[in-house]
Participant: 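Below you will find the structure I want to go over with you.
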Amino acid sequence: MEKTVQSEEQQLSPNTRRSFGFSSLRIKKRHSSYEEGGFTGRRGLLSFSSVREQSRKESVSDEASQLHSAQDQVKNAGAIPSGEDEGGRQGALKRISAMWSSFRKGKRDRVQEADPTDPPCPEVADTSSRQHRYVSGQYFFEYLVVVSLNKTKDGSGYEPQITYQFPKRDGMAKFQKEEEEKTLKAITLFCFPEGISWAPLTEYHSETFSFVLTEIDGSRRNGYCRRLLPGGKGARPPEAYCIISSLACFGLFSKIFDEVEKRRQKSMAMIYPFMQKLREAPFPAPGNTVEIKSFIPESGTEIIRLTRPLDSWLEHVNFAKLFSCLTDKEVLLVFAVAVLERRIVFIADELGTLSQVIHAVAALLYPFTWQHTLISIVPEILIDVVMAPTPYLLGVQKHLLDQVTDQSDLLVVDLSEDKKQTFIVSIGDESSILPPKLQAEILEELSKRQTASTVEELNRVVSEAFLQFFVKTVGHYEPYVKYGRAGQQGVFEKRSFYKAIESKTTRHFVKKFIQTQMFDLFIQEVEQNQSGPHQGIFHKKILEYQEKKKRDKTKKH
């Protein structure tokens, strides 16, 4: 049953400007993840935050005012924002602001109330224990839905609707049910971002992608989608399976989709027992395997083995698609732009391509975390989000290219196979952002991936090439965080930190990089932690690099 699966990532949704949008609220505080296990939930799947904080005090009051603004918009969810209020360019972000407020409350309610309709679970006797398992992140998923395209009432097109949901949630209070419906409606839109313009098909290439539901408090749920043509004869529209989970492990969920799809071909009724067994199973630790027994008529009882990668910090990323669309030098240029938190738009036809590439680009920033807007597939109805003045990583389908290229001060990257040029729009200074010597070192390290025989090996080679870049540029940060008495927060001596860098070109880059929100939040974590050295991969690489420098220095003498 073991298969090699490629993670195809993140997507967005269309059809409702009315009730939904993507939160433009900055994450108050995101853990930069110093431990390996913490990395999986953060790397790349980051929210829809807005402006870089000008100061930490300013940030707190700013977020509070944005929160009230978002809540007000949810109350008036029936109206479509004009897109021109408060200066026009704010319109996209305001519209993007309404959705996640509704998600946040619904999620709290679900956590507080046990699911009354879950079938009895023999392994877990009492409901409170089962609910605690989900809240603690031990369940594989929150629920599975099947989203189908149904004809609109006027017959002018199709609209996505949920035709199957597991588990079904009944017995909720009215306000809880309303919030649940808003969440489910948003999910349908994420599964079909193209809008209502569909025609029945006789052939359709199955594709897998994902999206992220980010709460205002920074917590997140992941949506995993597989879109395919349902069984039957004649022309018909595709449907999508969507799993919502707090866990980020795309390889495992891709394999789960294989099993769901196999059962769907026989009967929808066959999906239920498999998903129930999965829901009862514990999520495995890195390197471990969980076995799910499932009965299929005519096939008998099957044992499905789901193995979680040992390198859990890379379990939800696959760099193969990124390097199949871009050359090493082009990847380096995109990385340079992302490091300075600029605006980047990726263009492609395939949802899976946009999804995988954007997630991979965000993953290159480890141990830092992209803190701004990240929408792997922008729905046509929200295309004017490209006008937002704040940093973003956006994926746009190629037929919308003309609505993107009238923007300046951004990088537009064409991922298509038939592209005439990779960078359709650029500022012009991208190749000079990173120090030349370090650029050459990254390219040299990337060349080693040619010998990688597995996805895991390729991921490791690529990730470490960029990790070493951060080790060499900012890996000396720790001595420059000065602590007072026990319990007091440390203070980062920014000027002394970058002045300590010998290379002029590296120092020039670092002076810019330390102004980014991703570095600022990273260093806040360090300032607040006096418990000793961090034990994550970044710290290990820093120690290895420092030891190597000492040995080299000793040899010279």
Side-chain angles (χ1 to χ4, degrees), residues 5-13 22 27 30 33 38-49 190-191 193 207-214 220-227 242-254 257 309 311-326 330-331 334-335 337-339 341 343-348 350-378 391-397 411 413 415 455-456 458-463 465-467 518:
V5 289
Q6 295 186 1
S7 48
E8 306 192 46
E9 316 306 300
Q10 205 163 14
Q11 164 184 347
L12 252 207
S13 51
F22 317 101
I27 302 232
R30 181 99 66 204
S33 177
F39 172 60
T40 60
R42 303 186 176 87
R43 188 173 178 185
L45 293 181
L46 301 182
S47 75
F48 310 99
S49 71
F190 288 163
C191 293
E207 54 188 338
T208 307
F209 49 91
S210 71
F211 57 85
V212 177
L213 307 182
T214 303
R220 64 179 64 82
R221 288 179 289 170
N222 303 294
Y224 306 91
C225 287
R226 175 164 294 181
R227 218 159 70 173
C242 181
I243 295 175
I244 303 298
S245 174
S246 62
L247 305 168
C249 190
F250 299 104
L252 282 186
F253 283 97
S254 182
F257 277 131
D311 289 330
S312 59
W313 62 297
L314 289 173
E315 68 187 341
H316 64 291
V317 63
N318 185 338
F319 291 115
K321 177 60 71 173
L322 175 64
F323 285 92
S324 70
C325 296
L326 303 176
E330 290 169 345
V331 169
V334 170
F335 168 75
V337 175
V339 152
E341 294 182 339
R343 302 187 302 161
I344 309 177
V345 175
F346 296 90
I347 302 294
E350 299 81 14
L351 304 183
T353 297
L354 290 172
S355 185
Q356 287 187 75
V357 167
I358 287 185
H359 188 66
V361 168
L364 295 177
L365 301 173
Y366 179 76
F368 303 95
T369 298
W370 180 261
Q371 297 294 333
H372 303 279
T373 303
L374 190 154
I375 309 176
S376 60
I377 301 169
V378 177
Y392 55 58
L393 299 177
L394 303 180
V396 174
Q397 289 182 288
L411 184 69
V413 187
L415 305 172
V455 170
E456 289 75 16
L458 183 143
N459 283 349
R460 216 161 19 242
V461 169
V462 173
S463 183
F466 290 92
L467 187 59
M518 71 177 88

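Please read these numbers as outputs of a predicted model, since none were measured by experiment.
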Participant: Does Asn222 form a side chain to side chain contact (heavy atoms under 4.5 Å, CB included) with Phe253? I'd like the steps, not just the answer.
Facilitator: CA-CA 11 Å; Asn222 303 294; Phe253 283 97; over 6 Å; no
Participant: Would you say Pro193 and Leu351 make side-chain contact, with heavy atoms under 4.5 Å?
Facilitator: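 Yes - at least one pair of side-chain heavy atoms lies under 4.5 Å apart.
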Participant: Please tell me if the side chains of Val361 and Trp370 come closer than 4.5 Å, counting only heavy atoms from C-beta onward.
Facilitator: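 Contact flag for Val361/Trp370 side chains = no.
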Participant: Using a 4.5 Å cut-off on heavy atoms from C-beta on, say whether the side chain of Val331 contacts that of Val462.
Facilitator: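 Of all side-chain heavy-atom pairs linking Val331 with Val462, none is under 4.5 Å.
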Participant: Mind listing the closest non-hydrogen atom pair of Ala348 and Thr353 along with its distance?
Facilitator: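 Closest pair (atom of Ala348, atom of Thr353, distance): CB-CG2, 4.1 Å.
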Participant: What closest approach, in Å, do Met518 and Thr369 show between heavy atoms, and which atom pair accounts for it?
Facilitator: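 Shortest heavy-atom separation between Met518 and Thr369 comes out as CB-O, 3.3 Å.
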Participant: Once rounded to the nearest 0.5 Å, what's the spacing between atom CZ of Phe319 and atom NE2 of His359?
Facilitator: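 One gets 8.0 Å once the value is rounded to the nearest 0.5 Å.
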Participant: Report yes if the side chains of Leu374 and Phe211 come closer than 4.5 Å at any heavy-atom pair, otherwise no.
Facilitator: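 Of all side-chain heavy-atom pairs linking Phe211 with Leu374, none is under 4.5 Å.
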Participant: Can you find a pair of side-chain heavy atoms, one from Leu322 and one from Leu364, that are under 4.5 Å apart?
Facilitator: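 Yes - at least one pair of side-chain heavy atoms lies under 4.5 Å apart.
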Participant: Determine, stepwise, if the pair His372 / Tyr392 fulfils side chain to side chain contact (heavy atoms under 4.5 Å, CB included).
Facilitator: CA-CA 6 Å; His372 303 279; Tyr392 55 58; 5.8 Å; no
Participant: Which atom names give the shortest non-hydrogen contact between Leu458 and Ala320, and what distance separates them?
Facilitator: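 In this case the closest contact between Leu458 and Ala320 is CD2-N, 3.8 Å.
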Participant: So which atom in Ala360 and which in Val317 form the shortest heavy-atom distance, rounded to 0.1 Å?
Facilitator: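 Distance-wise, the nearest heavy atoms are CA-CG2, 4.0 Å.
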Participant: Locate the shortest heavy-atom distance separating Leu394 from Ile358; write the atom from each residue and the value.
Facilitator: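 Heavy-atom minimum between the residues: C-CD1, 3.4 Å.
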Participant: When rounded to the nearest 0.5 angstrom, what is the spacing between CD1 in Ile347 and SG in Cys325?
Facilitator: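 Interatomic distance, Ile347 CD1 to Cys325 SG, rounded to 0.5 Å: 12.5 Å.
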Participant: Are Phe466 and Phe335 an aromatic pair by the rule of ring centers under 6.0 Å?
Facilitator: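 Yes, the ring of Phe466 comes within the 6.0 Å limit of the ring of Phe335, centre to centre.
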Participant: In a check of side chain to side chain contact (heavy atoms under 4.5 Å, CB included) between Val337 and each of Leu393, Ile344, Val413, which one passes?
Facilitator: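 Of the listed options, the one satisfying the test is Ile344.
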Participant: For Thr208, run the side-chain hydrogen bond (donor to acceptor under 3.5 Å, both in side chains) check against Arg227, Gln356, Arg226 and tell me which one passes.
Facilitator: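 The side-chain hydrogen bond (donor to acceptor under 3.5 Å, both in side chains) with Thr208 is passed solely by Arg226 among Arg227, Gln356, Arg226.
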